[in-house]
Amino acid sequence: QVQLVESGGGLVQAGGSLRLSCAASGNIFRINTMGWYRQAPGKQRELVATITSGGSTNYADSVKGRFTISRDNAKNTVYLQMSSLKPEDTAVYYCYAQQLRWPPDNYWGQGTQVTVSS
């Protein structure tokens with residue numbers, strides 16, 4: 001089992017910044033891709049950004065150029081630096097991790113609320 005715990009969410013004004021952190025613990029062997037998804041009220045959960053253990057990144061078009069995902073493999077932690085925040089970024093942000101085993105396992109954090117005011 002892998003546990004993912006997010007932190008860093010909160011309330012921020014439009015144009016501001018927040019940094020989310022997600023620490024993985026438990027059986028972290030062979031975790032490859034980690035990332036962030038978000039879910040706004042009334043909407044489906046959507047991809048925000050992912051990063052592989054080798055550092056390859058992928059971003060949703062809506063956040064490209066504003067958000068930066070990074071990870072510290074030694075600390076088993078992934079980060080999401082969010083800048084130039086917009087009200088439409090308001091959502092619960094969920095940490096994600098993929099474990100390379102058979103069958104592959106996917107893990108989710110409990111979510112952290114990000115609210116961007118106008």
Side-chain angles (χ1 to χ4, degrees):
Q1 281 287 333
V2 173
Q3 293 81 45
L4 303 174
V5 179
E6 303 100 332
S7 63
L11 175 65
V12 65
Q13 292 185 346
S17 300
L18 284 174
R19 189 182 76 158
L20 306 182
S21 299
C22 173
S25 62
N27 184 16
I28 60 174
F29 179 63
R30 299 188 73 183
I31 288 180
N32 184 20
T33 300
M34 298 185 70
W36 295 91
Y37 288 69
R38 67 186 181 187
Q39 187 168 19
K43 297 183 179 180
Q44 293 188 336
R45 190 173 299 186
E46 65 175 354
L47 170 73
V48 178
T50 60
I51 184 168
T52 68
S53 60
S56 297
T57 59
N58 183 53
Y59 296 92
D61 289 341
S62 60
V63 307
K64 196 171 298 182
R66 299 187 297 119
F67 292 9
T68 301
I69 189 170
S70 61
R71 67 191 289 175
D72 187 333
N73 290 327
K75 296 181 178 180
N76 304 312
T77 301
V78 63
Y79 306 93
L80 185 68
Q81 177 66 49
M82 304 184 293
S83 300
S84 301
L85 283 163
K86 304 175 181 179
E88 49 264 44
D89 295 318
T90 296
V92 177
Y93 283 70
Y94 296 91
C95 183
Y96 163 83
Q98 177 193 66
Q99 188 170 46
L100 296 181
R101 53 163 288 170
W102 193 259
D105 280 343
N106 299 302
Y107 298 93
W108 297 92
Q110 83 287 350
T112 185
Q113 177 70 46
V114 172
T115 302
V116 184
S117 62
S118 301

(request) Start with the C-alpha distance between Q113 and T90, add both sets of side-chain angles, then the distance that settles side-chain contact (heavy atoms from CB on, under 4.5 Å), and finish with yes or no. (result) CA-CA 8 Å; Q113 177 70 46; T90 296; 3.9 Å; yes
(request) For side-chain contact (heavy atoms from CB on, under 4.5 Å), just list the numbers for E6 and Q110, CA-CA rounded to whole Å, side-chain angles, deciding distance to a tenth of an Å, and then say yes or no. (result) CA-CA 7 Å; E6 303 100 332; Q110 83 287 350; 2.6 Å; yes
(message) Show, in sequence, the C-alpha distance, side-chain angles and deciding distance for L4 and M34, and conclude whether the side-chain contact (heavy atoms from CB on, under 4.5 Å) test is met.
(response) CA-CA 10 Å; L4 303 174; M34 298 185 70; 4.2 Å; yes
(request) Show your working on side-chain contact (heavy atoms from CB on, under 4.5 Å) between I31 and Y107 and close with a plain yes or no. (result) CA-CA 10 Å; I31 288 180; Y107 298 93; 5.8 Å; no
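When the side chains of ILVMFWY residues are joined at heavy-atom separations under 4.5 Å, either directly or via intervening members, V92 and L47 end up in a single hydrophobic cluster.
When every heavy atom of L18 is checked against every heavy atom of G8, the shortest pair comes out as CD2-O, 3.8 Å. Shown here for G9 and L20, the closest heavy-atom pair between the two residues is N-CD2, 3.5 Å. Listed here is the closest heavy atom pair of S17 and S84: OG-N, 4.4 Å. When all heavy atoms are compared, the tightest approach of A24 to V2 is CB-CG1, 4.4 Å. Annotation for I28 and Q99: closest pair C-NE2, 4.2 Å, computed over non-hydrogen atoms. Annotation for Y79 and S21: closest pair CD2-OG, 3.3 Å, computed over non-hydrogen atoms.
The CZ atom of R66 lies 12.0 Å from the CD atom of Q81; values are rounded to the nearest 0.5 Å. Taken to the nearest 0.5 Å, the CD atom of E88 stands 8.5 Å off from the OG atom of S118. Atom-to-atom distance recorded for I51:CD1 and W36:CH2 is 12.0 Å, nearest 0.5 angstrom. One distance of note links OG1 of T57 with CD1 of I69; it measures 8.0 Å at 0.5 Å rounding.
Taking the six-membered ring where tryptophan is involved, the planes of Y96 and Y37 are perpendicular, since the angle between them exceeds 60° and thus also 30°. In this pair, Y94 and W108 present their aromatic rings perpendicular. The plane angle is above 60°, beyond the 30 to 60° band.
Under the side chain to side chain contact (heavy atoms under 4.5 Å, CB included) rule, R71 has a single partner from T77, N76, V78, which is V78.
Remark: side-chain polar atoms of D89 are not paired, donor with acceptor, to backbone N or O of V114 under 3.5 angstrom. No side-chain donor-acceptor contact under 3.5 Å links R45 to the backbone of Q39.
For the pair D61 and K64, the salt-bridge criterion is met [side-chain N within less than 4.0 Å of a carboxylate O].
E46 places a side-chain heavy atom less than 4.5 Å from the side chain of R38.
In Q44, the CD atom is not crowded: 12 or fewer heavy atoms of neighbouring residues, nucleotides or ligands sit closer than 6.0 Å.
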